[in-house]
Amino acid sequence: MKKYIFALCLSVVFAFCGCSTNIAVESSSKIATYDDITGELKGTIDGYSIENVFKATNIALERDLKYFRVGQKQLEDGWKVYARAELDHEIVVVIRQKKVDVVSLAVSYDGGNLMKSQEIFNSIARNVRALGRN
């Protein structure tokens with residue numbers, strides 16, 4: 001009986017603590033979702049190719065925000081870009097092709113920093129607009 005009560009209490013805690021929040025961003029969709037449990041800010045950039053979003057990500061991380069880009073990994077449907085900030089904070093940007101001219105972007109700053117993740121997302125969106133359409 002104690003196991004069932006414990007499981008019930010645990011599920012109630014997860015239901016109230018694990019939430020996602022809609023955040024205003026500078027992409028064409030104007031909204032992204034921040035997940036408190038994973039620490040990721042997820043949104044889409046519409047109307048641009050994955051190549052332009054990849055280039056814009058590199059420019060945003062290195063030139064605009066002065067982060068140290070440490071690597072990239074090609075996925076089946078996109079890219080995963082790794083960077084480091086001061087005090088060795090880990091930054092991971094996952095870029096995936098969803099549909100034609102729809103690219104999803106997931107930004108994680110040190111496992112959960114909404115303000116920094118939003119800053120990175122907005123910088124990528126600005127740079128992809130500056131690069132133009134393919």
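Taking both residues in full, the closest heavy atoms of Ala125 and Ile45 are given as CA-CD1, 4.3 Å, listed atom of the first, atom of the second, then distance. Across Ala85 and Ile91, no two heavy atoms sit closer than the pair CB-CD1, 4.0 Å.
Here the CG atom belonging to Asp64 is positioned 4.5 Å from the CG atom belonging to Asn127, to the nearest 0.5 angstrom. In this structure, Ile95 CD1 and Lys55 NZ are separated by 12.5 Å, a value rounded to the nearest 0.5 Å. A distance of 12.0 Å separates OG of Ser117 from NZ of Lys42, quoted to the nearest 0.5 Å. Between Tyr48 atom OH and Ile124 atom CD1 the span is 14.0 Å, to the nearest 0.5 Å. If you take CD1 on Ile120 and CG on Asn122, they are separated by 10.5 Å, rounding to the nearest 0.5 Å. Here the NZ-OG distance, from Lys80 to Ser108, works out to 10.0 Å after rounding to the nearest 0.5 Å.
The backbone N or O of Val103 lies less than 3.5 Å from no partner atom in the side chain of Asp46, so there is not a single donor-acceptor pair. Without hydrogens or angle criteria, Ser123 side chain to Glu119 main chain gives no donor-acceptor distance under 3.5 Å.
For Glu62, the salt bridge (charged side-chain N to carboxylate O under 4.0 Å, His left out) partners two or more places apart in sequence, or in a different chain, are Arg69. Residues meeting the side-chain contact (heavy atoms from CB on, under 4.5 Å) test with Leu114, sequence neighbours left out: Ile23, Tyr34, Leu41.
Sorted by first then second residue, the salt bridge (charged side-chain N to carboxylate O under 4.0 Å, His left out) pairs that include residues 84-95, not counting sequence neighbours, are Arg84-Asp88. Listed by first and then second residue, the salt bridge (charged side-chain N to carboxylate O under 4.0 Å, His left out) pairs that reach into residues 93-110 are Asp77-Arg96, sequence neighbours excluded.
Using bins of under 30°, 30° to 60° and over 60° for the plane-to-plane angle, the ring pair Tyr67/Tyr109 lands in the tilted bin.
Grouping Ile, Leu, Val, Met, Phe, Trp and Tyr residues whose side-chain heavy atoms lie under 4.5 Å apart, directly or via other members, places Tyr82 in a hydrophobic cluster with Phe68, Val70, Leu75, Val92, Val94. Listed by chain and number, the hydrophobic cluster partners of Val102 come to none, as no ILVMFWY side chain reaches under 4.5 Å of it.
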Could you go through Val107 and Glu40, starting from their C-alpha distance and side-chain angles, then the distance that decides it, and tell me whether this counts as side-chain contact (heavy atoms from CB on, under 4.5 Å)?
CA-CA 5 Å; Val107 179; Glu40 282 187 332; over 6 Å; no

